[in-house]
Amino acid sequence: MRYGWHSILKQAFGGLDAVTPAWREPAPKPSYDVVIVGGGGHGLATAYYLAKDHGITNVAVLEKGYLGSGNVGRNTTIVRSNYLLDGNVQFYEKSMQLWEGLEQDFNFNAMVSQRGVLNLYHSDAQRDAYARRGTAMRLHGIDAELLNRAQVRELVPFLDFDNARFPIHGGLLQQRGGTVRHDAVAWGYARGADSRGVDLLQNCEVTGISVEGGRVTGVETSRGRIACGKLALATAGNSSRTAAMAGLKLPIESHVLQAFVSEAVKPYIDQVVTYGAGHFYVSQSDKGGLVFGGDIDGYNSYAQRGNLPILEHVVEAGVAMVPGVSRLRLLRSWGGIMDMSMDGSPIIDKTPVEGLYLNCGWCYGGFKATPASGWCFAHTIAKDAPHTLNAKFRLDRFRSGGVIDERGGGARPNVH
């Protein structure tokens with residue numbers, strides 16, 4: 001069914017009989033041309049663009065739980081393209097462009113809200129760094145505006161401008177950035193892929209990868225063996241586990257990233273506001289709650305839950321920037337598993353195993369990259385070669401020295 005005013009009328013007057021499932025629940029076929037492991041945003045987007053742009057429809061997406069049960073539904077919904085380094089800046093701008101037309105493309109309301117993303121700076125050195133970043137963005141045709149203290153105060157007067165540790169001197173604004181409803185992204189891509197013939201197999205956990213003569217031949221799953229010509233891994237924080245099934249050891253670590261939401265309040269924060277000095281980012285949801293997050297938990301983990309020390313750290317950082325949040329109650333928190341790469345940039349590439357493709361290493365940037373990640377990964381799978389937008393996200397860049405160290409943290413994934 002194509003959603004629109006006609007479908008609203010049909011369902012309004014047709015009762016439950018007019019309501020149809022958003023996608024099928026097919027049984028697994030014995031084999032597929034392409035099998036994608038991971039039914040989150042990146043896996044579903046890859047399947048969608050494989051079918052839509054490359055005409056490859058004999059595709060299965062395998063998800064061990066339900067679609068969207070992983071990181072795509074465990075984030076703070078922020079989208080932006082305010083990057084500095086060559087490779088990252090073009091890729092994330094492609095993602096932003098796809099976000100801007102996404103709802104019309106896959107006919108689903110993803111609640112794309114380009115309310116603006118404001119990154120605060122607190123010193124002359126940070127101002128210079130943001131001026132450089134903004135210049136790099138504008139050279140690539142991306143909107144960026146360096147604001148002084150008075151301009152920031154006009155936008156967000158409730159901040160603590162004279163905080164002793166983090167006095168606010170100004171900020172870098174990308175007006176096209178904002179937020180997107182994360183669950184709706186998964187649902188929209190799932191509907192789009194299913195309508196083009198892709199099989200979405202839920203509760204289908206991969207337990208093994210078959211490799212014969214250096215080439216992948218299929219997967220063992222909780223619903224039986226499935227043969228395939230090509231296998232694509234898009235399993236986010238569990239990438240190390242799934243790649244190990246094919247004998248690969250990846251240059252990533254898995255860490256928990258917690259996010260939080262407060263009780264609902266009247267409209268308060270129009271933009272997404274972030275500051276790196278204390279590492280805190282916040283926006284207000286359509287329901288009125290403040291959605292915010294900060295640093296990852298320092299230890300390695302595959303558990304989708306966090307720990308109290310980081311909760312305290314994030315709340316302290318939030319109160320330092322927005323004193324008013326100290327009066328709010330937290331409603332809930334959740335944890336996503338971040339696959340932190342050694343240089344803070346992702347990996348979208350072929351692997352040494354023929355027919356096996358890898359999408360991982362997203363660190364903090366996974367959700368905002370969803371459209372471009374799926375678009376580039378689909379191209380890489382279909383053409384057996386990377387697109388120019390993901391050509392720098394090679395798996396072997398850590399051996400060759402071609403790293404993309406956006407933050408300058410070196411080979412320490414926990415600091416990216």
Side-chain angles (χ1 to χ4, degrees), residues 29-62 87-88 90-91 94-95 98 189 192-193 196-199 201 206 208-219 225-236 239 242-252 339 341 345-362 369-400 402 404:
K29 298 177 185 176
S31 66
Y32 293 90
D33 294 335
V34 179
V35 166
I36 300 169
V37 184
H42 291 227
L44 293 169
T46 302
Y48 175 77
Y49 291 118
L50 274 173
K52 175 178 177 287
D53 294 343
H54 303 282
I56 301 174
T57 58
N58 187 24
V59 177
V61 178
L62 313 185
N88 276 344
Q90 298 95 332
F91 174 84
K94 173 65 176 181
S95 205
L98 290 171
Y189 275 125
R196 289 169 170 80
V198 174
D199 284 355
L201 306 178
V206 172
I209 296 175
S210 301
V211 178
E212 299 177 8
R215 179 179 182 82
V216 70
T217 58
V219 290
R225 174 178 166 78
I226 301 175
C228 62
K230 295 182 178 181
L231 178 64
L233 304 181
T235 52
S239 296
T242 51
M245 296 177 187
L248 298 178
K249 185 176 181 180
L250 302 181
I252 62 175
D339 47 337
S341 68
S345 295
I347 299 167
I348 307 178
D349 199 10
K350 301 164 58 177
T351 74
V353 179
E354 190 175 354
L356 181 63
Y357 304 83
L358 183 64
N359 180 318
C360 70
W362 288 102
T370 300
S373 168
W375 192 86
C376 289
F377 201 29
H379 180 281
T380 302
I381 296 165
K383 305 297 185 182
D384 200 36
H387 190 273
T388 54
L389 288 173
N390 66 296
K392 291 182 179 293
F393 298 155
R394 295 176 56 88
L395 176 60
D396 66 359
R397 69 177 184 267
F398 305 98
R399 180 185 297 115
S400 66
I404 314 172

Under the side-chain hydrogen bond (donor to acceptor under 3.5 Å, both in side chains) test, residues paired with [X] that sit two or more places apart:
X    : answer
T380 : N390
T57  : none
N88  : S345, E406
T351 : none

Determine the minimum heavy-atom distance between [X] and [Y], stating which atoms define it.
X    : Y    : answer
F377 : L358 : CE1-O, 3.6 Å
L248 : P352 : CD2-CD, 4.2 Å
L50  : A378 : CD2-O, 3.5 Å
A391 : P386 : CA-CB, 4.1 Å
A382 : I56  : CB-CD1, 3.7 Å
T217 : V211 : OG1-N, 4.4 Å

Atom pair OG (S341) and CZ (R397), whose distance is rounded to the nearest 0.5 Å:
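Between atom OG of S341 and atom CZ of R397 there are 5.5 Å.
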Rounded to the nearest 0.5 Å, how far does NE2 of H379 lie from NE2 of H387?
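So the gap between those two atoms works out to 5.0 Å.
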Any side-chain heavy atom of [X] sitting closer than 4.5 Å to one from [Y]?
X    : Y    : result
V216 : I209 : yes
I347 : D339 : no
I348 : F91  : yes
V59  : D33  : no
I36  : H42  : no
L62  : V35  : yes
S239 : I252 : yes

Could you list the residues that satisfy side-chain contact (heavy atoms from CB on, under 4.5 Å) with [X], not counting sequence neighbours?
X    : value
K94  : Q97, L98, A372, W375, L389
R196 : Y48, A51, K52
D396 : R394, R399
A45  : Y49, Y189, T370

Go through it in stages, so that I can follow the logic: the residues are L250 and C360, the test is side-chain contact (heavy atoms from CB on, under 4.5 Å), and I'd like the CA-CA distance, side-chain angles, deciding distance and then a yes or no.
CA-CA 9 Å; L250 302 181; C360 70; 4.1 Å; yes
Listed partners of D199 passing salt bridge (Lys or Arg N to Asp or Glu O under 4.0 Å), at least two apart
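Result, salt bridge (Lys or Arg N to Asp or Glu O under 4.0 Å) vs D199: R24.
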Donor-acceptor contact below 3.5 Å, side chain D349 vs main chain L395:
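Checking the backbone N and O of L395 against the side chain of D349, a donor-acceptor pair under 3.5 Å is found.
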Any donor and acceptor pair, going by atom type alone, linking the side chain of K230 with main-chain N or O of L356 inside 3.5 Å?
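No: the side chain of K230 does not pair with the backbone of L356.
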Which residues pass the ring-ring contact (aromatic ring centres under 6.0 Å, His included) test with Y357, sequence neighbours left out?
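Counting only residues at least two positions away or on another chain, Y357 forms no ring-ring contact (aromatic ring centres under 6.0 Å, His included).
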With sequence neighbours left out, write down each residue that passes ring-ring contact (aromatic ring centres under 6.0 Å, His included) with Y32, or none if nothing qualifies.
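For Y32 there are no ring-ring contact (aromatic ring centres under 6.0 Å, His included) partners, ignoring immediate neighbours.
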Given V206, which partner from the list I226, T242, V219, L233 fulfils the side chain to side chain contact (heavy atoms under 4.5 Å, CB included) test?
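Per the side chain to side chain contact (heavy atoms under 4.5 Å, CB included) rule, the option paired with V206 is V219, out of I226, T242, V219, L233.
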Which salt bridge (charged side-chain N to carboxylate O under 4.0 Å, His left out) pairs, counting each pair once, include a residue from residues 378-390, with sequence neighbours left out?
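Every salt bridge (charged side-chain N to carboxylate O under 4.0 Å, His left out) pair that includes a residue of residues 378-390, provided the two are not neighbours, is K350-D384.
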Decide side chain to side chain donor-acceptor pair (under 3.5 Å) for S373 and N359; before the verdict, give the C-alpha distance in whole Å, the side-chain angles of both, and the deciding distance to 0.1 Å.
CA-CA 8 Å; S373 168; N359 180 318; 2.8 Å; yes
